[in-house]
> 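Let me give you the structure first, and then I'll get to my questions.
So that the names make sense, note that chain A is the first sequence line, chain B the second, and so on, each numbered from 1.
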2 protein chains.
Amino acid sequence: MDRQAVVASLSALAHEGRLDIFRLLVKAGPQGTPAGEIARRLAVMPNALSANLKVLSHAGLIGSRRQGRSIIYRANYSAMTDVLGFLMEDCCGGDAAICGPLVEIANRAACCAEPPGL
Amino acid sequence: MDRQAVVASLSALAHEGRLDIFRLLVKAGPQGTPAGEIARRLAVMPNALSANLKVLSHAGLIGSRRQGRSIIYRANYSAMTDVLGFLMEDCCGGDAAICGPLVEIANRAACCAEPPGL
DNA sequence: CGCATTATTCAACTAGCTTTGAAATATGGA
DNA sequence: TCCATATTTCAAAGCTAGTTGAATAATGCG
């Protein structure tokens with residue numbers, strides 16, 4: 001993950017509405033949430049939601065799949081851990097004993113990993 | 001750490017120049033780096049650097065202390081782990097076995113903790 | 001005190017993002 | 001095919017953030 005991708009991810013999250021969306025999807029887990037339900041639960045207009053979902057999706061932070069008339073969105077957990085890894089790279093000059101494992105653990109976390117077929 | 005503080009932190013980092021600054025300070029570790037050296041190493045103009053340091057500082061991501069004519073800046077590691085914790089809160093509905101420990105470990109990481117007297 | 005160094009502040013200009021409402025696309029069922 | 005549901009796209013208006021250059025503080029030294 002390069003600098004520009006990280007900036008895109010951080011920019012996408014640096015917005016109250018999109019942060020709410022992303023956290024909702026993080027809470028929801030791998031099965032995801034339909035756009036309509038997101039709009040209802042966050043009380044936002046569908047077009048505004050769509051624009052924000054597009055930003056998050058373009059940054060790679062979320063994915064989507066169609067199911068009938070609904071489009072189901074899901075957090076992309078590995079993208080977020082990549083961002084964390086980038087921020088912590090060479091923490092304290094690489095000498096510290098804690099920062100390295102922290103990044104490694106973050107990258108290994110699999111609870112929200114993609115189910116096959118997204 | 002509330003939503004607005006997290007958005008401020010993410011906004012501060014969502015900028016190539018500031019991301020470079022923050023990562024340089026993360027690499028530098030607790031002893032920090034003078035503003036002038038940051039400017040030289042990143043090849044940015046002092047006034048632009050100052051503006052960006054102000055944004056990072058206002059977001060709580062970095063701290064500073066004066067030493068002679070120089071002002072030494074330092075990454076605030078705990079602020080970043082707070083942001084991570086906020087993003088991961090209630091990951092997968094709180095049921096997953098991995099996400100909880102991840103956040104806990106991130107918050108416990110102390111390699112870049114503040115030395116006394118900042 | 002006077003000067004050089006270090007860093008910050010100010011103001012004008014530019015560019016990009018956000019918001020809002022209306023229209024358009026896509027799917028599923030009668 | 002026709003309609004209702006679900007979501008996206010488009011375009012205009014307003015706002016916020018970034019960039020640049022010159023000027024302003026603050027410190028240390030002779």
Side-chain angles (χ1 to χ4, degrees), chain A residues 3-25 28 31-75 118, chain B residues 3-25 28 31-75 118:
Chain A
R3 240 172 58 196
Q4 293 186 351
V6 172
V7 168
S9 295
L10 293 169
S11 295
L13 292 172
H15 180 282
E16 286 203 11
R18 290 194 293 265
L19 187 58
D20 289 342
I21 294 167
F22 185 75
R23 296 220 307 155
L24 185 151
L25 292 176
Q31 80 276 9
T33 307
E37 188 180 333
I38 299 173
R40 280 192 297 277
R41 284 167 58 180
L42 297 181
V44 296
M45 295 190 301
N47 55 351
L49 176 68
S50 182
N52 286 327
L53 287 170
K54 189 178 182 180
V55 173
L56 287 167
S57 182
H58 189 260
L61 289 166
I62 64 176
S64 65
R65 68 180 193 277
R66 178 176 284 277
Q67 182 178 302
R69 275 179 289 198
S70 297
I71 296 184
I72 299 185
Y73 285 89
R74 188 178 54 66
L118 172 69
Chain B
R3 237 171 62 198
Q4 294 185 352
V6 172
V7 169
S9 295
L10 293 168
S11 295
L13 292 172
H15 179 280
E16 286 202 11
R18 289 194 293 266
L19 187 58
D20 288 342
I21 294 167
F22 184 75
R23 295 218 309 154
L24 184 150
L25 293 175
Q31 79 275 10
T33 305
E37 188 180 333
I38 300 173
R40 279 192 297 278
R41 283 168 57 181
L42 298 180
V44 296
M45 295 190 300
N47 55 351
L49 176 66
S50 183
N52 286 329
L53 287 170
K54 189 178 182 181
V55 173
L56 288 167
S57 183
H58 189 261
L61 288 167
I62 64 176
S64 65
R65 68 180 194 276
R66 178 176 282 276
Q67 183 178 301
R69 275 178 287 198
S70 297
I71 296 184
I72 299 185
Y73 285 89
R74 188 178 55 66
L118 171 67

> Whole Å only: how far is the CG atom of L10(A) from the P atom of dA17(D)?
16 Å
> Whole angstrom is fine here: how far is it from CG in N47(B) over to C1' in dA23(D)?
11 Å
> Grab the CG-C1' distance between L19(A) and dT18(C) for me, whole Å please.
16 Å
> From C-beta outward on K54(A), which listed nucleotide comes closest to its side chain: dT20(D), dT9(D), dA7(C)?
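It is dT9(D).
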> Check whether any side-chain N or O of R69(A) sits under 4.0 Å from OP1 or OP2 of dG29(C), and answer yes or no.
no
> Rounded to the nearest Å, what distance is computed from the CD atom of residue Q67(B) to the C1' atom of nucleotide dT27(D)?
13 Å
> Take atom CG of L49(A) and atom P of dA6(D), then tell me their distance rounded to the nearest Å.
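For the pair L49(A) CG and dA6(D) P, the rounded distance is 14 Å.
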> If only side-chain N and O atoms of H15(A) are considered, is one of them under 4.0 Å from the OP1 or OP2 phosphate oxygen of dA17(D)?
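Answer no for this pair, as no side-chain N or O of H15(A) is under 4.0 Å from OP1 or OP2.
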> Where the side chain of L53(A) is defined as all heavy atoms beyond and including C-beta, which of dT8(C), dT7(D), dT8(D) is the nearest nucleotide?
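Within the option list, the nearest is dT8(D).
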> Nearest 0.5 angstrom please: L56(B) CG to L19(B) CG, how far?
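If we round to the nearest 0.5 Å, L56(B):CG and L19(B):CG are 9.0 Å apart.
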> Whether the side chain of S11(A) engages the backbone of V7(A) through a donor-acceptor N/O pair (distance < 3.5 Å, no angle test) should be reported.
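Indeed, once roles are kept as given, a pair shorter than 3.5 Å links the two residues.
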> More than 12 non-hydrogen atoms from neighbouring residues, nucleotides or ligands closer than 6.0 Å to CD on Q4(A), yes or no?
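At most 12 heavy atoms, drawn from other residues, nucleotides or ligands, come within 6.0 Å of this atom.
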> Using a cut-off of less than 4.0 Å, is there contact between a side-chain N or O of Y73(B) and OP1 or OP2 of dT6(C)?
no
> In whole Å, I'd like the distance from the NE2 atom of H58(B) to the P atom of dT9(C).
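Between P of dT9(C) and NE2 of H58(B): 12 Å.
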> Could you check how far CG of L13(A) sits from P of dT18(C), rounded to whole Å?
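Taking atom P of dT18(C) as the reference, CG of L13(A) is at 12 Å.
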> Of A48(B) and N52(A), whose nearest nucleotide on DNA chain C comes first from the 5' end?
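So the residue in question is A48(B).
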> Hey, does R18(A) reach any base, or is it just sugar-phosphate, or nothing, if we go heavy atoms under 4.0 Å?
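Contact class for R18(A): sugar-phosphate only.
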> Kindly say if S70(A) contacts the phosphate of dT5(D), meaning a side-chain N or O under 4.0 Å from OP1 or OP2.
no
> Do the side chain of S50(A) and the main chain of P46(A) share a donor and acceptor less than 3.5 angstrom apart?
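Judged by distance alone, no pair lies under 3.5 Å.
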> Whole angstroms only, please: what is the CE-P distance between M45(B) and dT19(D)?
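M45(B) atom CE is separated from dT19(D) atom P by 9 Å.
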> Report yes if some heavy atom in the side chain of L25(A) is under 4.5 Å from a heavy atom in the side chain of L61(A); otherwise report no.
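No, side chains not in contact.
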> Given dT27(D), dT9(D), dA7(C), identify the nucleotide with an atom nearest to the side chain of R66(B).
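Looking only at side-chain atoms, R66(B) lies closest to dT27(D).
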